[in-house]
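See below for the structure under consideration.
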Amino acid sequence: MAEEKKPLTRSEKEAKIKDKAGWVITVIAALLAVNTYIANGNSSKILGNTIKANDTWSFYQAKSIKQSIAEGMLETTKDPKRRAELEAKIARYESDPAKGEGKKELMAKARALEEERDRLGKSSPWMTFSGMGYQLGIVLLSASILAVSMPLFWGSVGVSAVAMFLMSQGIWLWIPI
């Protein structure tokens, strides 16, 4: 004769869910911590790159003003030696690869900083939504323990899986949006 399986008591169900949920909460909390670390690092880089780009554009503007002044002086100068000095200065203001401080080099630096800032800015909402998903997953797991509910347990796993997807999008931006 086959033995009949008797249904689990509430205490047995609760113990079974607690055992599973404890490990899952640990994993989700670790993912939330990693997500928060990456998101905060991105926020710092966005702010830093914005400041650096603004400083670089200010330096570019100063070079432009100096170049305009030198060009005005060149128009009024008759002395060939002085004209040669001004022409060399104007050329250095336009491009100075040795120091990396010509307008051409400054523009490239500023645009690179802005490009990285913009790329990181695109990942920010994804990381925010991912963090929210992980938090919701933890709340649902806690509720599954209290309610002794496997559907809530699996719902939390599903929400956390979506959060992992969102986090991967935030890190790699593999879906071009």
Side-chain angles (χ1 to χ4, degrees), residues 8 10 12-64 93-177:
L8 297 175
R10 180 172 170 85
E12 291 170 332
K13 286 180 188 177
E14 187 175 347
K16 189 176 177 182
I17 288 177
K18 278 183 182 178
D19 189 40
K20 288 181 183 180
W23 287 104
V24 177
I25 284 174
T26 302
V27 170
I28 295 172
L31 288 169
L32 176 60
V34 169
N35 183 77
T36 302
Y37 177 78
I38 293 170
N40 288 344
N42 286 352
S43 293
S44 295
K45 284 180 187 175
I46 289 169
L47 180 60
N49 282 3
T50 299
I51 291 168
K52 287 177 188 175
N54 287 343
D55 288 347
T56 304
W57 282 119
S58 294
F59 194 23
Y60 176 94
Q61 186 177 21
K63 291 284 183 171
S64 292
Y93 287 140
E94 192 60 38
S95 179
D96 188 359
K99 290 184 177 180
E101 293 182 352
K103 286 178 12 186
K104 180 181 175 183
E105 293 78 19
L106 292 172
M107 182 184 296
K109 284 179 191 177
R111 287 191 174 150
L113 288 165
E114 290 173 336
E115 187 177 303
E116 184 183 17
R117 176 203 62 203
D118 294 345
R119 183 184 58 76
L120 292 171
K122 287 178 184 176
S123 76
S124 188
W126 298 105
M127 300 305 280
T128 300
F129 296 141
S130 174
M132 183 181 68
Y134 288 133
Q135 290 175 15
L136 184 57
I138 291 170
V139 168
L140 288 173
L141 271 170
S142 300
S144 76
I145 294 169
L146 295 173
V148 189
S149 170
M150 284 307 285
L152 273 177
F153 173 85
W154 290 113
S156 71
V157 171
V159 168
S160 299
V162 171
M164 284 190 282
F165 170 79
L166 295 172
M167 183 174 162
S168 73
Q169 172 64 12
I171 293 170
W172 295 296
L173 296 173
W174 48 274
I175 299 173
I177 296 177

Could you name each residue pair satisfying side-chain hydrogen bond (donor to acceptor under 3.5 Å, both in side chains) that touches residues 151-165, not counting sequence neighbours?
->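 As it turns out, there is no side-chain hydrogen bond (donor to acceptor under 3.5 Å, both in side chains) pair with a partner in residues 151-165 once direct neighbours are skipped.
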
Atom [atom1] in [X], atom [atom2] in [Y]: separation rounded to 0.5 Å?
{"X": "Leu120", "Y": "Ile38", "atom1": "CG", "atom2": "CD1", "value": "11.5 Å"}
{"X": "Ile51", "Y": "Leu113", "atom1": "CD1", "atom2": "CG", "value": "11.5 Å"}
{"X": "Asn35", "Y": "Ile171", "atom1": "CG", "atom2": "CD1", "value": "7.5 Å"}
{"X": "Ser43", "Y": "Met127", "atom1": "OG", "atom2": "CE", "value": "9.5 Å"}
{"X": "Leu47", "Y": "Lys52", "atom1": "CG", "atom2": "NZ", "value": "10.5 Å"}
{"X": "Leu136", "Y": "Leu141", "atom1": "CG", "atom2": "CG", "value": "10.0 Å"}

Answer yes or no: is there a donor N or O on one side and an acceptor on the other, between the side chain of [X] and the main chain of [Y], under 3.5 Å?
{"X": "Glu101", "Y": "Asp96", "answer": "no"}
{"X": "Asn42", "Y": "Gly121", "answer": "no"}
{"X": "Lys16", "Y": "Leu8", "answer": "no"}
{"X": "Thr128", "Y": "Ser124", "answer": "yes"}

Quick check: closest heavy atoms across [X] and [Y], and the distance to 0.1 Å?
{"X": "Pro125", "Y": "Lys122", "result": "CD-O, 3.5 Å"}
{"X": "Trp174", "Y": "Gln169", "result": "N-OE1, 3.2 Å"}
{"X": "Lys104", "Y": "Ser95", "result": "CD-OG, 3.9 Å"}
{"X": "Ser130", "Y": "Leu166", "result": "CB-CB, 3.9 Å"}
{"X": "Phe165", "Y": "Ile175", "result": "CZ-CD1, 3.6 Å"}
{"X": "Ser149", "Y": "Ile17", "result": "N-CD1, 3.4 Å"}

Apply side-chain contact (heavy atoms from CB on, under 4.5 Å) to the pair Met167 and Met164, showing each step before the final yes or no.
-> CA-CA 5 Å; Met167 183 174 162; Met164 284 190 282; 5.5 Å; no

In this structure, are over 12 heavy atoms from other groups packed under 6.0 Å from Gln61 atom CD?
-> no

Side-chain contact, heavy-atom cut-off 4.5 Å: Glu105 with Tyr60?
->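 Heavy-atom side-chain distance check fails, nothing below 4.5 Å.
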
Evaluate the ring pair (Phe, Tyr, Trp, His ring centres under 6.0 Å) criterion for residues Phe129 and Trp126: first the C-alpha distance (whole Å), next the side-chain angles of each, then the deciding distance (0.1 Å), finally the verdict.
-> CA-CA 5 Å; Phe129 296 141; Trp126 298 105; 7.0 Å; no

List the steps, then state whether side-chain contact (heavy atoms from CB on, under 4.5 Å) holds for Lys109 with Phe59.
-> CA-CA 11 Å; Lys109 284 179 191 177; Phe59 194 23; over 6 Å; no

Do Arg117 and Lys45 pass the side-chain contact (heavy atoms from CB on, under 4.5 Å) test, and can you show the C-alpha distance, the side-chain angles, and the key distance before you say yes or no?
-> CA-CA 7 Å; Arg117 176 203 62 203; Lys45 284 180 187 175; over 6 Å; no

After noting the C-alpha distance and the side-chain angles of Val157 and Phe153, does the key distance pass the side-chain contact (heavy atoms from CB on, under 4.5 Å) rule?
-> CA-CA 6 Å; Val157 171; Phe153 173 85; 4.1 Å; yes

